[in-house]
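Have a look at the structure below, then the notes.
Each chain gets a letter, A, B and so on, in the order its sequence line appears, and its residues count up from 1. Remember, predicted model here, so these are calculated numbers, not experimental data. All values below were derived from every heavy atom in this structure, side-chain atoms included, with hydrogens, water molecules and symmetry-related copies excluded.
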Protein chains: 4
Amino acid sequence: MTATAPRHLSPRKRPRQQRAAVTVDAIFEATIQVLLSEGIHRLTTTRVAERAGVSVGTMYQYFPHKQALLYALNERYLDIVAERVERACQQHRGATTAAMVEALVTAYWKAKTERSEVTRALYRSAVELDNEALIEAFAERMDAATIAMLRSAPDAHYADIALVNVTLLSVIFGTVRNVFERNLPLQVQADIRRQLTTMCLSYLEASGG
Amino acid sequence: MTATAPRHLSPRKRPRQQRAAVTVDAIFEATIQVLLSEGIHRLTTTRVAERAGVSVGTMYQYFPHKQALLYALNERYLDIVAERVERACQQHRGATTAAMVEALVTAYWKAKTERSEVTRALYRSAVELDNEALIEAFAERMDAATIAMLRSAPDAHYADIALVNVTLLSVIFGTVRNVFERNLPLQVQADIRRQLTTMCLSYLEASGG
Amino acid sequence: MTATAPRHLSPRKRPRQQRAAVTVDAIFEATIQVLLSEGIHRLTTTRVAERAGVSVGTMYQYFPHKQALLYALNERYLDIVAERVERACQQHRGATTAAMVEALVTAYWKAKTERSEVTRALYRSAVELDNEALIEAFAERMDAATIAMLRSAPDAHYADIALVNVTLLSVIFGTVRNVFERNLPLQVQADIRRQLTTMCLSYLEASGG
Amino acid sequence: MTATAPRHLSPRKRPRQQRAAVTVDAIFEATIQVLLSEGIHRLTTTRVAERAGVSVGTMYQYFPHKQALLYALNERYLDIVAERVERACQQHRGATTAAMVEALVTAYWKAKTERSEVTRALYRSAVELDNEALIEAFAERMDAATIAMLRSAPDAHYADIALVNVTLLSVIFGTVRNVFERNLPLQVQADIRRQLTTMCLSYLEASGG
DNA sequence: GATGAATGAGTCTTCATTCAT
DNA sequence: GATGAATGAAGACTCATTCAT
């Protein structure tokens, strides 16, 4: 994420040493654990620190306050998702539209559902967090990646690629979230995913013929 | 909503009398106000009561605890949305698939975005609320309504209507949420909505030809 | 004290009922007790509440934060001192200069030393409290009272009464503070007080002959 | 200051080497800076160390704990003030009473007001510091210096020089503090200072004729 | 010797909930 | 039935002090 975080939300210090990096990772992991096992209203700084095996004081050395921790956690998460999607887009430049859609849906779907519990937890953690900037940055990054990919399609040309793209992403991202928030049976999820792919492909074909 | 709310979340008493209903409504409205003006972490029982013009004690007469209030609030909200969608479905039985899709997207989109601030506020309030039952009930109700409508289409017949329907709803609901959570410019929102309608229509035509 | 306290330092609610007044008084008294027995760095809200026999929550109902408590405490204290001095001034209008000085020194000295421990405690509590307004208001009040008294002297007339008066008060107030902060033996304190009175009288005679 | 500091308040080691002295001075200066810029409740060891350009660890090498630092700081400050007053007294042995008073008031006044911000800051830092011993030692030192001077006056002889002296010092020290704590306009301050000098001179003349 | 990351007891403050009036 | 003062457990955050590197 290259989004410059609101000043007050940025980590107090960048972990430079090995040990620090380990500590920060432990804190992130602990946050997720607590979120999963206790829920967001029991996500307290003390509990996180305890679970991470560090003292509260140490935690505050890395994150000036709770919000900064959650912000950073979301940032890291979105970063990972973004990277995966970007990689998929990169790898499918010049491919057929069908392959592109397949790749895009798959990449996003997997990124979101592989550790679906974590995803769910993070959605919760984001509430009441001023993370619009984060979301915005993520969206722009995705936009750039998918547009570049779509543009490279040998079998299609889009009149209004911006609109096609924002629609495509909205539909995919939205559907994925909706599906796994409803906790539908895995089989149904898989079915929907296939349908979604088909639907998107038709859309692209209709738009970029 | 016919979902039987988890026992501990149901209101202490059903507002039967006139006065009670007024009070409850005032409390609901106050909750939304506070949510909007102060954010979820400043949503306190005292503040809600104050804004509603009643004492905390009175509030506790109607809602045994804070969660029950939020639960009821969400319930009421989903109820309203569900009703609007149901009505649209009802009114389009026997219509063309195109009309149906248009009606469905419109009904849901409007219900969600007309008071988008409120919607957003409610999403927040729902976090950490054990409202799966609520969501589930809402989903089922929607399912029933839309399936009934789709079945009545003179111009289509669906092999696996359950799958088609769940996909359709997932896509619509998900996209709407995604769009308005990103706070896109109104023009873009309108564009996407049109695209979404088209996309869904193609999907149905492809599935139900 | 008619000084309008900085908004953020004013008590949350004016005690209207009997019970409330009692509670507030208990809190004030407890604060002084803790200040005396534990020192300012052990003056915690919890400790004060405990000593006052109320819960922290209750304390916060009356004082929005610790500073407000200390501010109010000082305000109340200065009010009492001011009243006593004012009364003395009032009662000596038209008296001889000698009687005036005697009365002024006595009134202030007594007000400050009668519960000298408390005075000392309050001086401490005032540190790092934005109480300039308080001090200023007190000073003005004293100024007004003493000037009115001095003006009424039948045996003196002051060319620059403002300067004479501010000097007089600075000397008296300063000396008193200095004396009792040094914790001199009572006998010495009494001696100094007499000397101070004499000194001030000479000063006034020299200035107002 | 020859006052033997309470054992637990004395610096861990006397700065014998050049480097140490420099460091200690930097720490003192930093303390004052922080006190001025941040206020006493933000005067933390870390902040002081940082501003002084040393590590906390190093600071603890010189001062076993925070109190020791503040104690030493006050000690140093009083030492400087004491020295200046002593020098003035020394230089006016055998002078006229008028010259003596003038010199005394001037010396103390200047010492206190030249860096009045610092003085103020130090008063704050002394709160909740067991510095009675310090004050006492300072007082005795001043006593000795002024008594010696007064005794050498060719134009006066005091029956009870101890009382006269303690009164004199109490009045001067107290007034100075009072004046500059009230932050009066400079012009008024200067006026009061002149009045104070006159008043003290009359007093001495009346007492030592 | 110097460093500064880590510690965790201790602070202030909030807020859901109760219950005497 | 309504009120709102009182409660106190629990949370976020600070900071003097230590000690491994």
Side-chain angles (χ1 to χ4, degrees), chain A residues 12-13 15-20 22-24 41-50 52-69, chain B residues 13 17 19-20 23 41-50 53-69, chain C residues 12-13 15-17 19-20 23 41-50 52-69, chain D residues 13 17 19-20 23 41-50 53-70:
Chain A
R12 195 168 269 173
K13 60 172 151 187
R16 291 228 181 76
Q17 297 150 17
Q18 187 55 35
R19 183 154 57 130
V22 170
T23 302
V24 166
H41 78 254
R42 305 207 68 205
L43 180 79
T44 71
T45 51
T46 319
R47 246 189 286 268
V48 169
E50 199 173 356
V54 300
S55 67
V56 228
T58 297
M59 227 183 75
Y60 274 86
Q61 203 117 53
Y62 294 101
F63 303 98
H65 43 247
K66 201 183 166 187
Q67 291 231 342
L69 165 61
Chain B
K13 60 177 166 187
Q17 302 125 10
R19 185 157 53 129
T23 303
H41 75 255
R42 307 207 67 201
L43 180 79
T44 70
T45 51
T46 315
R47 247 187 283 265
V48 169
E50 197 175 353
V54 300
S55 70
V56 229
T58 300
M59 224 181 76
Y60 271 83
Q61 209 91 52
Y62 294 101
F63 303 98
H65 45 246
K66 200 184 168 187
Q67 290 234 341
L69 165 61
Chain C
R12 197 167 266 172
K13 60 173 155 188
R16 291 229 180 74
Q17 298 149 16
R19 184 155 56 130
T23 301
H41 78 254
R42 306 208 68 205
L43 180 80
T44 71
T45 51
T46 319
R47 244 187 288 268
V48 169
E50 199 173 355
V54 299
S55 68
V56 229
T58 298
M59 227 183 75
Y60 273 84
Q61 204 116 52
Y62 293 102
F63 303 98
H65 44 245
K66 201 183 165 187
Q67 290 231 341
L69 166 61
Chain D
K13 61 177 167 189
Q17 300 124 12
R19 186 156 53 128
T23 304
H41 77 255
R42 308 207 67 201
L43 180 79
T44 71
T45 51
T46 315
R47 247 187 283 266
V48 169
E50 197 174 353
V54 300
S55 68
V56 229
T58 300
M59 225 181 77
Y60 271 82
Q61 209 90 53
Y62 294 101
F63 303 98
H65 45 247
K66 200 183 168 189
Q67 291 234 341
L69 165 62
L70 296 181

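In this structure, A:Arg42 and D:Thr46 both approach DNA chain F, and ranking their closest nucleotides by distance from the 5' end singles out A:Arg42. When each of C:Val56 and D:Lys66 is assigned the nucleotide of DNA chain F with its nearest heavy atom, C:Val56 is the one assigned upstream, toward the 5' end. Comparing C:Gly57 and A:Gly53 by the nucleotide of DNA chain E whose heavy atom lies nearest to each, the residue mapping closer to the 5' end is A:Gly53. Summary of the strand contacts: C:Arg47 and D:Val54 both lie near DNA chain E, and taking for each the nucleotide with the nearest heavy atom, the more 5' one is attributed to D:Val54.
Proximity of A:Tyr62 to the phosphate of E:dA6: a side-chain N or O atom is located under 4.0 Å from OP1 or OP2. For the OP1/OP2 pair of E:dC12 and a distance below 4.0 Å, the side-chain nitrogens and oxygens of C:Thr45 include at least one atom meeting the criterion. Under 4.0 angstrom from either OP1 or OP2 of E:dT7 there lies at least one side-chain N or O belonging to A:Thr58. Residue B:Gln61 places at least one side-chain N or O closer than 4.0 Å to OP1 or OP2 of F:dA2. Distances shorter than 4.0 Å separate some side-chain N or O of B:Ser55 from OP1 or OP2 on F:dT3.
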Exercise for the section: May I have the step-by-step check of side-chain contact (heavy atoms from CB on, under 4.5 Å) for A:Val24 and A:Phe63, ending in yes or no? Expected result: CA-CA 9 Å; A:Val24 166; A:Phe63 303 98; 4.2 Å; yes
Problem - Evaluation steps, side-chain contact (heavy atoms from CB on, under 4.5 Å), between A:Met59 and A:Thr23 - result: CA-CA 9 Å; A:Met59 227 183 75; A:Thr23 302; over 6 Å; no
Exercise for the section: Report the C-alpha separation of D:Leu70 and D:Leu43 in whole Å, then their side-chain angles, then the decisive distance to 0.1 Å, and conclude whether the side-chain contact (heavy atoms from CB on, under 4.5 Å) test is met. Expected result: CA-CA 10 Å; D:Leu70 296 181; D:Leu43 180 79; 3.8 Å; yes
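Under the Watson-Crick or G-U wobble criterion, with both distances below 3.5 Å, F:dC15 is paired with E:dG8. Under the Watson-Crick and G-U wobble criteria, each requiring two contacts below 3.5 Å, nucleotide E:dT21 is paired to F:dA2.
Between C:Tyr60 atom OH and F:dG11 atom C1' there is a gap of 13 Å when expressed in whole angstrom units. Counting to the nearest Å, the P atom of F:dA16 and the CE atom of D:Met59 are 8 Å from each other. Remark: P of E:dC15 and CD of B:Glu50 are 13 Å apart, rounded to the nearest angstrom. Between the CG atom of C:Leu69 and the C1' atom of E:dC12 there is a distance of 13 Å, rounded to whole Å.
At the heavy-atom level, A:His41 lies nowhere under 4.0 Å from the strands shown.
Taking both residues in full, the closest heavy atoms of A:Lys66 and A:Thr45 are given as CG-CG2, 4.0 Å, listed atom of the first, atom of the second, then distance. The minimum heavy-atom distance linking B:Arg42 with B:Arg47 is given by the pair O-NE, 2.8 Å.
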